[in-house]
A.B. asks: 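Handing you this structure, nothing more for now.
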Amino acid sequence: MTATTNSPQSATDASPPFNGELFDERCAELGATSEVQRAALVGVSIPTLHRFRKGEMGPRLTVARRFARRLNVSVDDLWPDTSRKEAGA
């Protein structure tokens, strides 16, 4: 039996790194200064937020869009695709 995750990507699939610095900055600007407040702001559990931070999993597109919308940034700002930049795209 194989384990599954809620994400189509996992850390082993080289999911783009989470821009935690920008995330924390935007959350603070919106008054969310604790991890509990940050997770509530973007609508995920604290363990899920920690998995994103550690790169253990990437979000589903709907979740990434919700993060971006609530923080008024782009999905690419939060999960920059470094492979595109390295390829010259």
Side-chain angles (χ1 to χ4, degrees):
M1 185 162 96
T2 60
T4 60
T5 64
N6 291 336
S7 171
Q9 296 178 329
S10 70
T12 57
D13 292 336
S15 43
F18 178 63
N19 187 343
E21 186 176 323
L22 174 63
F23 175 78
D24 291 343
E25 179 183 304
R26 290 297 299 137
C27 285
E29 290 171 3
L30 296 168
T33 56
S34 73
E35 204 71 345
V36 171
Q37 292 170 328
R38 291 176 187 127
L41 176 66
V42 294
V44 297
S45 69
I46 294 170
T48 296
L49 182 55
H50 288 176
R51 287 184 195 104
F52 293 158
R53 287 187 181 279
K54 292 181 197 177
E56 291 176 358
M57 66 184 244
R60 290 181 179 211
L61 185 56
T62 55
V63 172
R65 286 179 176 160
R66 183 175 64 229
F67 270 55
R69 184 177 60 252
R70 291 185 181 178
L71 298 174
N72 197 29
V73 297
S74 73
V75 170
D76 286 335
D77 289 339
L78 290 171
W79 281 275
D81 187 352
T82 54
S83 66
R84 284 191 304 199
K85 292 176 187 169
E86 291 169 3

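Numbers here simply count residues along the sequence, with the first being 1. Remember, predicted model here, so these are calculated numbers, not experimental data.
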A.B. asks: Tell me which donor-acceptor pairs under 3.5 Å the side chains of residues 16-24 have, and how far apart each pair is, sequence neighbours excluded?
C.D. replies:
from: Asn19; atom 1: OD1; to: Leu22; atom 2: N; distance (Å): 3.0
from: Asn19; atom 1: ND2; to: Asp77; atom 2: O; distance (Å): 3.2
from: Asp24; atom 1: OD1; to: Arg53; atom 2: NH1; distance (Å): 3.4
from: Asp24; atom 1: OD1; to: Arg53; atom 2: NH2; distance (Å): 2.5

A.B. asks: Taking Arg38 for the side chain and Cys27 for the main chain, is one N or O donor matched with an acceptor at less than 3.5 Å?
C.D. replies: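 The answer is no, because no donor-acceptor pair under 3.5 Å joins these two groups.
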A.B. asks: For residues Val42 and Arg70, report the shortest heavy-atom separation together with the two atoms involved.
C.D. replies: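 Shortest heavy-atom separation between Val42 and Arg70 comes out as C-NH1, 3.4 Å.
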A.B. asks: NZ of Lys54 to CG of Leu49: how many Å apart, nearest 0.5 Å?
C.D. replies: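 It comes to 11.0 Å.
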A.B. asks: Does the pair Val63 and Phe52 meet the rule for a side-chain contact (heavy atoms from CB on, under 4.5 Å), with working shown?
C.D. replies: CA-CA 11 Å; Val63 172; Phe52 293 158; 4.2 Å; yes
A.B. asks: Contact between Phe67 and Pro59 at the side-chain level, heavy atoms closer than 4.5 Å - yes or no?
C.D. replies: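 Sidechains of Pro59 and Phe67: no contact.
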A.B. asks: Identify, with sequence neighbours excluded, every residue that meets side chain to side chain contact (heavy atoms under 4.5 Å, CB included) alongside Leu30.
C.D. replies: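 Counting only residues at least two positions away or on another chain, Leu30 forms a side chain to side chain contact (heavy atoms under 4.5 Å, CB included) with Arg26, Leu41, Leu71.
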A.B. asks: Of all residues at least two apart in sequence or in a different chain, which pass the side-chain hydrogen bond (donor to acceptor under 3.5 Å, both in side chains) check with Thr62?
C.D. replies: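 Counting only residues at least two positions away or on another chain, Thr62 forms no side-chain hydrogen bond (donor to acceptor under 3.5 Å, both in side chains).
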A.B. asks: Looking only at heavy atoms, what is the nearest atom pair of Ala68 and Leu78, with distance?
C.D. replies: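 Result for this residue pair: N-CD1, 3.9 Å.
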